[in-house]
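Here's the structure, in C-alpha cells; my notes come after.
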Amino acid sequence: MVSNLSVTIFIATLLSIAVFFIWSTRTQKKRAFLNVLFIALALSYSSWIIPLIILRFVDTSNSSLMLFLDCLMQPGGALCSPIYLCIAISFVNGYEKMQSWMKLFFIPPILTIIIAWTNSFHHLYYVEFSVVRSEIVFGPYILISGFFNYLFLIAGIVYMIWFGIKNNTSLYWRQCIVFIVSALCPLLVSIVATFGGKDLPITATPLSFLITVVFNGIAIFRLHVLDISPIAKQHILNAISDSYLVLSDNGIVVQFNRRFQELFAKEYGITENLHLGECLKNNENTQKDVIYSLLAAVDSSRQGGTLVSYEQSVMFTENESPQKYYFVVEVSPLELYGKLTGFVVLFKDITQLRDSMKKLQANQERMMEQERFAFLGQMIGGLAHNLKTPIMSISGCVSATEALVDECESSIGDSDVTESDFMEIYSEMRDWLSKVKESTAYMSDIITAIKGQAANVSTDDTVTFTIDEMIKRSTLLMRHELLNSGCTLKVDYDKNEEISLRGDINNLVQVIGNLLNNSIFAQKQKGGGEIEIKISHDKEYLKILVNDRGVGIPDNVREKLFKSMITSKGTQGTGLGLYISNAVIKGKFNGEIWGENRDGGGSTFGIKIPLDIVSIRTVNNSEWGVKA
C-alpha cells in the first residue's frame, strides 16, 4: 500500500519539520501570524503522514488496525485545506491575528473528524471499509467532505489570482504564482482521484500536499515572500525618528520600535508583556511624571474613546551631559469590531522644531528691528526739519518776550505809561508764551513718536490707545514726506465714535507708516494728490483702509505681497515693509492685512482687527487734532 520511496520521503519530511520547529523556537521569540499559520499547516501535515509511515510496517490484513490508522490520518488531511485558505486571506489582507469569522472554516474539518471516528455507528463516511481501495464503499458524507476540500483550495487560488490582478506588479505576481502552484498540485491530484477513474495510491494526496507545505515554507522563512509586508513595516517603523508604543486594553506593553527602546524603554525599564504601571515600581528615575502623564492620557482616551494629545518634556543624558527633549504625545484608542482592544502611543520629537522656531522668531525679531530703524531713518531728515520750525518759533517768541520785558522795566516810573499800557504789554507776553507752549507741545509729540519707534521690537508695551492718537503719531512721522511729495492726507471716520485698541501703539504706527510710505511713493510718480485713511467697523472687525490714486500694484508683485524681499521700489525698497507689517498685524493684533488695486487706478491696503481688543464709545462733536 505504501511504497518504500513514499515512506522515505515522509520520514525525511518529518525530520525536516522537526528541525525547522526547533530552529524557529530558538530564533523567533515573536512569530508573525503567517508564520504561526505555517507551523499549524506543518503540524497538521505531520499528523497526516505519521499514520501512513506506520501503515508501511504493520499487518495490512488487520482491518480494525487499518481503520484506526485511517482515523488518525483524518485530522491532518481535513485541516490542511482550511489552513491554506487562512494563509491566503491573511497574506492578502495583512492580518496580524486570526479573525473571528475565519474560525468558521474549521467547522467542516472538525465535523469530518467526528464523523470518521464515529463511523461504526452511522456509516456516513464508510459504508464498507477495506484495505484495498477498489473495495471501499464510501458513505454520503464523503461528498460533503470532498466538496469543502475543493472549495477551500479553489477559494484560495481565486483569491490570490484576484489579488494579483488588482495589484498588477511583478513582485505581487511572483508571490501569487508561488501560492497558486502550491495549491494547484493537491487540487489536481484530488480531481484525478475523484473523477479520473484511476485508482491512485493512498499516498498520492499527502504527497501532493507536500508541495504546498514546501512552497509555503520556502516562501515564508527563506524568501520572505509571503511575510514581506510585516517585515517592511517593522523596518520602516524602526527607521522613523518618532517613537511609538502599543498597549493592550488593560495597559500591557505589546510592542515598541527601536527609537522608543533607545529613549524610553532603557530609561524607565519598559519591557514587553509588562504592565505600564509596573514601570513605576523599583524605578529610580526621578522623572516619573512621564509615566504618570502617559497613564493619565491612556485613561482619558479609554473613557472618552478619542485621541488625547499633550506636550511632554524629558531630560536625557547624552555624552555625560543632560539634554532636554520635547515631545508631542498622542494616545489613540484601537477598536476592533466596535470593541476597545488597545492603544497606540506616538511620541513626536519636536525638539528640533522648537529650536528652529526659536531661531526663526529671533530672525524675525531682528528683521523687524532692522525694518523699524530703516523706517525711522527715512523719517530723520523730515523730523529734523519739523523740529527746526518750532525751535525757531520758540526762539522768536523768547526774543519778543524779552523785548516786552525790557519795555516794561523801562516804563516803570514813567507818568505817561498808564496801567492799561502795562496790561497791553502783559497780554502780548501771554500771547508769545502761548505760542511757546504750542511749539513745545508739538516738539513733545514728535519726540514721543520717535521714542516709541526707536524702542526695541522685542518689548511689548501693551496699553490702551485711541485711533486718534495712532493717526496723530503716524501723521507727525510722515509729515515731511507728505509735504515733499505734494501729497495730502485725509482721514475719514465717524466723528461721533471714539475707538480705542488694546496693544502696542508703536507696532500699529509702524504698520500705518509703512502703508503711507508706499502710497506716497506710488502717488508721487503721478505728481502727488490726496491719500485717504478710512476707518470703519462692522460686527466683527475694525477696518483701517489706506487708499491712494498712484500707479497701483504690479501683477508680478501682487501675487507675492507680504512675502520677504518683495518690493516694487527697486533699490529704494528693502522688501521687508509689508512682510513685517503682515507679521505685526497677525502676531500682535490677531488680525489680517491685504492689498488690491482700485477701480480707476491706485491701490487699497486694508487692515482688519478683531473687535475683542477694540472698544468703541459714542461721543459728541469729536474732532481730530491733526492736519497734514
- Message: Let's go through F163 and F179 carefully: what are the C-alpha distance in whole Å and the side-chain angles of both, what is the deciding distance for ring pair (Phe, Tyr, Trp, His ring centres under 6.0 Å) to 0.1 Å, and is it a yes or a no?
- Response: CA-CA 11 Å; F163 178 71; F179 218 103; 9.9 Å; no

- Item | Sidechain N-carboxylate O distance under 4.0 Å for E469, R473 | yes

- Message: Just to verify, what does S16 make a side-chain hydrogen bond (donor to acceptor under 3.5 Å, both in side chains) with, not counting sequence neighbours?
- Response: none

- Task: Working to the nearest 0.5 Å, report the span between NZ of K608 and CG of D538.
- Result: 7.5 Å

- Flag side-chain contact, heavy atom, 4.5 Å: F343 against S332: no

- Closest contact, heavy atoms only, N149 versus A78: OD1-O, 4.2 Å

- Do the ring planes of F465 and F589 sit parallel (below 30°), tilted (30 to 60°) or perpendicular (above 60°)? perpendicular

- Query: So F347 and F260, would you call those rings parallel, tilted or perpendicular, with 30° and 60° as cut-offs?
  - Reply: tilted

- Message: Within this structure, what is the CG-CG distance for the pair L43 and L79, rounded to the nearest 0.5 Å?
- Response: 11.0 Å

- Would you confirm whether S301, through its side chain, and T306, through its main-chain N or O, come within 3.5 Å as a donor-acceptor pair? yes

- Message: I'd like to know if the side chain of N257 reaches the main chain of Y244, judged simply by a donor and an acceptor atom lying under 3.5 Å from each other, with no hydrogens or angles considered.
- Response: yes

- Value rounded to 0.5 Å, distance of CG in L247 from CD1 in I252: 9.0 Å

- Task: Assign the ring pair F152 / F148 to parallel, tilted or perpendicular, where the plane angle (0 to 90°) is split at 30° and 60°.
- Result: tilted

- Less than 4.5 Å apart, any side-chain heavy atom of S500 and any of I467? no

- Task: Could you tell me which residues satisfy salt bridge (Lys or Arg N to Asp or Glu O under 4.0 Å) with R502, sequence neighbours excluded, listed by chain and number?
- Result: none

- Identify the heavy atoms of I89 and M102 that sit nearest to each other, and give their distance. CG2-SD, 4.5 Å

- From CH2 (W48) to CZ (F209), nearest 0.5 Å: 5.0 Å

- Message: Rounded to the nearest 0.5 Å, what separates atom CG in L508 from atom CD1 in I609?
- Response: 5.0 Å

- Of the non-hydrogen atoms in V254 and S248, which two are nearest, and what is the gap between them? CG2-N, 3.6 Å

- Note on the structure: Between P610 and G591 the two heavy atoms that sit nearest each other are CD-CA, 4.0 Å

- Task: Compute whether any side-chain donor of one residue and acceptor of the other, for T604 and N547, lie under 3.5 angstrom apart.
- Result: yes

- Message: Any carboxylate oxygen within less than 4.0 angstrom of a Lys/Arg side-chain nitrogen, looking at K348 and E330?
- Response: yes

- Message: Tell me whether the rings of F38 and F20 are parallel (<30°), tilted (30 to 60°) or perpendicular (>60°).
- Response: perpendicular

- Note on the structure: To the nearest 0.5 Å, atom CG of L153 lies from atom OG of S81 at 4.0 Å

- Note on the structure: Which of L542, I544, T466 passes side-chain contact (heavy atoms from CB on, under 4.5 Å) with I499? It is L542

- Sidechain-backbone polar pair: H537 side chain, I616 backbone, donor-acceptor under 3.5 Å: no

